[in-house]
There are 2 protein chains.
Amino acid sequence: MDPLDSEILGVLREDARISYRDLGVRVGLSANAAADRVRKMVRDGVIRGFTTLIDPTADSRAGLLVFIDITLRPDTTNEEFERVALRLPGITEVVHVTGAHDYLVRARAADPTALNALLGTLKREAGVAQSHTRIALRAAIDGPTR
Amino acid sequence: MDPLDSEILGVLREDARISYRDLGVRVGLSANAAADRVRKMVRDGVIRGFTTLIDPTADSRAGLLVFIDITLRPDTTNEEFERVALRLPGITEVVHVTGAHDYLVRARAADPTALNALLGTLKREAGVAQSHTRIALRAAIDGPTR
DNA sequence: CATGAAAGATGAGCAAA
DNA sequence: TTTGCTCATCTTTCATG
């Protein structure tokens, strides 16, 4: 990847609401040039979106945060599982990891009922053999960026 | 929390770069009223920041993504651990979870050496008794929001 | 890079709690 | 009286060619 684009991504990850003008200053570009690069990365899917990090203790609507260890059935491929999992509501991360299980899935659910539904769907439609769910009691940091 | 603020957070989580005018339209406020509420939430720490979701396969600089299961030493409090862990470089999430371990920590490291250093620091300075690290082989989704 | 259009910030006035 | 909203205005930033 272009090192300038990479630099732009770094700035945008720190502050997604920065103006194109300031972004340009940070990376040594004109506002327009910076804006063009950002727009291009959005078009190309490199930038998936701009989001807001919210203090988990302040957001009452947050619901449950869970981490699910997943073991796939032998007849299920990683691609199949990922394709289905990506479309399920509340799933925020799907990572193929080393260790005893195949995947670690991070998800949010409004309440235990919704969580139960999510787990059921994973088993029925995503080729999941076993799942171990860990529920977040408290999130000191809650977010991907830093 | 104010239901309007909560609604604003919902919109901002979907698109952190939305204009205050459009944000106002979405929640039934004027641009200024919406902007004031956002600024207030930033001041109060409810909004921790605005960030950008990047396609993990496109970001070459990403390095290693790891999930670390942590068991604390009996003489370490959650507060102590969190206080130290929050300041370590690369740690993107610190969550107190149910199950056999105390915490699940999500982190990025530039390379195995940096990962090793991070684990060493956790043991030495954060009161960690045991850690089990799972390394991401592939991240289908990489990000917290949806 | 210039230009019209959009968005952001600021202050005055007003209404409701 | 305090808080929160709107409106008007001025400045900055954005998008297009």
Side-chain angles (χ1 to χ4, degrees), chain A residues 1-63 92 110 141-146, chain B residues 1-62 92 141-146:
Chain A
M1 157 170 319
D2 185 306
L4 257 174
D5 282 343
S6 194
E7 221 179 310
I8 287 174
L9 290 180
V11 174
L12 283 179
R13 223 159 53 161
E14 285 172 27
D15 178 13
R17 277 189 78 86
I18 192 173
S19 74
Y20 289 135
R21 188 174 168 279
D22 290 349
L23 175 60
V25 170
R26 289 278 298 273
V27 303
L29 245 47
S30 77
N32 282 347
D36 284 344
R37 280 171 179 263
V38 172
R39 279 190 283 263
K40 179 169 184 306
M41 286 193 281
V42 170
R43 262 205 322 277
D44 295 351
V46 174
I47 291 176
R48 294 200 163 168
F50 304 99
T51 190
T52 301
L53 300 175
I54 297 162
D55 181 353
T57 65
D59 186 10
S60 49
R61 301 182 323 162
T92 54
I141 312 184
D142 169 17
T145 321
R146 218 173 59 169
Chain B
M1 157 170 319
D2 187 305
L4 257 174
D5 282 344
S6 194
E7 222 179 310
I8 287 173
L9 291 180
V11 174
L12 284 178
R13 224 161 48 164
E14 284 172 28
D15 178 12
R17 276 188 80 87
I18 191 173
S19 76
Y20 288 134
R21 271 180 183 71
D22 291 349
L23 176 59
V25 170
R26 290 278 297 271
V27 302
L29 284 178
S30 76
N32 280 347
D36 283 345
R37 280 170 178 264
V38 171
R39 280 190 284 262
K40 182 170 183 304
M41 286 193 281
V42 171
R43 263 205 322 278
D44 296 350
V46 174
I47 291 176
R48 295 201 163 168
F50 304 98
T51 191
T52 301
L53 299 176
I54 298 163
D55 181 355
T57 65
D59 186 10
S60 50
R61 303 181 318 164
T92 53
I141 313 185
D142 169 18
T145 319
R146 219 173 55 166

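All values below were derived from every heavy atom in this structure, side-chain atoms included, with hydrogens, water molecules and symmetry-related copies excluded. Here the structure is a predicted model, which is why all the values come from computation and not from measurement. The chains referred to below are lettered A, B, ... by the order of the sequence lines, with proteins before strands, and numbering in each begins at 1.
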Each nucleotide of nucleotides 12-17 of chain C classed B (base within 4.0 Å of a protein heavy atom), S (only sugar-phosphate) or -, in 5' to 3' order, makes ------
Readout for nucleotides 5-17 of chain D: B = base within 4.0 Å of protein heavy atom, S = sugar-phosphate only, - = neither; 5' to 3' it is SBBB----SSBB-
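Here the closest non-hydrogen pair linking Leu4(A) and Val27(A) is CD2-O, 3.4 Å. Among all heavy-atom pairs drawn from Met41(A) and Ile8(A), the shortest one is CE-CG2, 3.8 Å. Here the shortest heavy-atom pairing between Arg48(B) and Asp55(A) reads NH2-OD1, 3.5 Å. The two residues Ala16(B) and Thr51(A) come nearest to each other via the heavy atoms CB-O, 3.3 Å. Listed here is the closest heavy atom pair of Arg17(A) and Leu12(B): NH1-CD2, 4.3 Å.
Listed by first and then second residue, the salt bridge (charged side-chain N to carboxylate O under 4.0 Å, His left out) pairs that reach into residues 32-43 of chain B are Asp2(B)-Arg37(B), Asp5(B)-Arg37(B), Asp36(B)-Arg39(B), Lys40(B)-Asp44(B), sequence neighbours excluded.
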Intra- and inter-strand pairing of DNA chain D, written as dot-bracket with Watson-Crick and G-U pairs under 3.5 Å and | for the latter, reads |||||||||||||||||
Run the side-chain donor-acceptor check on residues 19-26 of chain A: report pairs under 3.5 Å with partners two or more places apart or on a different chain.
residue	atom	partner	partner atom	Å
Ser19(A)	OG	Asp22(A)	N	3.1
Arg26(A)	NH2	Glu14(A)	OE1	3.4

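Ile54(A) CD1 to Ile47(B) CD1: the interatomic distance, rounded to the nearest 0.5 Å, is 6.5 Å.
With rounding to whole Å, Arg43(B) atom CZ is found 13 Å from dG4(D) atom C1'.
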